Protein chains: 2
Amino acid sequence: MNISQVAQASGLSARMIRHYESIELLPAPTRSESGYRQYSQRDLHNLRFIHSARQLGFSMEQVAQLLALWQDRSRSSSEVKLLAQQHLQELEQKIVDLQAMRDTLAELARSCQGDDRPDCPIINSLATP
Amino acid sequence: MNISQVAQASGLSARMIRHYESIELLPAPTRSESGYRQYSQRDLHNLRFIHSARQLGFSMEQVAQLLALWQDRSRSSSEVKLLAQQHLQELEQKIVDLQAMRDTLAELARSCQGDDRPDCPIINSLATP
DNA sequence: CATGAACCTTGACATCATGTGAAGGTCAAG
DNA sequence: CTTGACCTTCACATGATGTCAAGGTTCATG
């Protein structure tokens, strides 16, 4: 398979596949005589794995660890679970932070008339710390 | 006031204050004879405003618009409210996206034993799309 | 007055994941 | 052989921020 085909099949862009190779997240694929990257089914599995992990918001570093765990037949599921729980905490934290912003802003917006007059609690609040 | 003083007083870093100046978010302050930036109270108000808006998660572009609205005495509060509501929607969307990730991952983690055995639904799920 | 600490200046490079574009080689179908 | 769709590498851009370096300034203290 050429790169655009695995890109299509994995849901990643060709750009990112090359990038993952360059940062050594992935083994370099074999090349055709003319230098084209040739991907195997195994490569495709790796790429799909990466795509899925990224979809769940894992950082690149976490993805690298997950990949390593995936390859490691003697891993314990607790190692994976630990990683997942760390990421869960990060997600929770981000959610909480965003909710706090949302709540503050929603309250400001609620108290703003939104009419033709210039007076606006939102601006006022930003201006007076 | 020198830059480190307004930095301290506004909650921004000196680095970012210079940056905001370079992207013309802020008017360039006057300079002392030796070239040091000299900030007025008015400048400080601007910087605090920016800091507050960033704390609420507004993008730099939105901050620029908010600043313009703040200066504009003839603005209607509805303009500000509209901007705030746009941002609220973005926040809501991010929250929803993160919650979806969290829920999926939490379910996977829940079903993972987390013991010494290698079998792990988390890894399995990533590996089989 | 001289020295040193603590400030200031600009400029450059790094982060991170990703996009875009250019310049040029390859392949397959017409 | 030509054309179009691929492929290659390299480089630059994003956005907000940190950090480092080389050099000038200010001020307090000896």
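Keep in mind it's a predicted model, so treat the numbers as computed, not measured. Letters A, B, ... mirror the listed sequences (proteins, then strands); counts begin at 1.
- Of the two residues contacting DNA chain D, namely B:S34 and A:S4, the nearest-nucleotide position lying further toward the 5' end is that of A:S4.
- What separates CZ of A:R31 from C1' of D:dC7 is a distance of 10 Å, to the nearest Å.
- Heavy-atom distances to DNA chain C give each of A:E33 and A:Y20 a nearest nucleotide, and the one nearer the 5′ end belongs to A:Y20.
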Can B:R117 and B:D119 be said to form a salt bridge (charged side-chain N to carboxylate O under 4.0 Å, His left out), step by step?
-> CA-CA 6 Å; B:R117 287 170 295 177; B:D119 187 52; over 6 Å; no
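- Contacts of A:R18 with the nucleic acid, taken as non-hydrogen atoms under 4.0 Å apart, include base atoms.
- Put simply, CE on B:M16 is 5 Å from C1' on D:dA16, counting in whole angstrom units.
- Remark: the B:N2 side chain and the B:S4 side chain contain no N/O donor-acceptor pair separated by less than 3.5 Å.
- For B:L12 and D:dG18, the CG to C1' distance is 15 Å, given to the nearest whole Å.
- Within the nucleic acid shown, A:S59 has no heavy atom closer than 4.0 Å to any nucleic acid atom.
- Contact annotation: B:R37 side-chain N/O to C:dT9 OP1/OP2 distance is under 4.0 Å.
- Spacing between atom CZ of A:F58 and atom C1' of C:dC16 amounts to 18 Å, rounded to whole angstrom units.
- Residue B:Y36 places its side chain closer to C:dC7 than to any other of C:dC7, D:dC7, C:dT20.
- Comparing B:H19 and A:I3 by the nucleotide of DNA chain D whose heavy atom lies nearest to each, the residue mapping closer to the 5' end is A:I3.
- One side chain, B:D97 or B:Q93, offers a donor N or O that lies under 3.5 Å from an acceptor on the other.
- In this entry the distance linking CD of B:E21 with P of D:dA16 reads 17 Å, nearest Å.
- One interatomic measurement links the two molecules: CD of A:Q5 to C1' of D:dC6, which rounds to 10 Å at whole-angstrom precision.
- A:R31 and A:E21 are joined by a salt bridge, as a carboxylate oxygen and a charged side-chain nitrogen come within less than 4.0 angstrom of each other.
- Rounding to whole angstrom units, CD of residue A:Q62 and P of C:dC16 are separated by 13 Å.
- Summarising the geometry, the separation between CZ on B:R15 and P on D:dG15 is reported as 15 Å, rounded to the nearest angstrom.
- The aromatic rings of B:W70 and B:F49 lie parallel to each other, with less than 30° between the two planes, well short of the 60° mark.
- When the side-chain nitrogen and oxygen atoms of A:S13 are compared with OP1 and OP2 of C:dG19, one or more of them lie within a distance under 4.0 Å.
- The shortest distance between the side-chain N/O atoms of A:S32 and the OP1/OP2 oxygens of D:dC7 is not below 4.0 Å.
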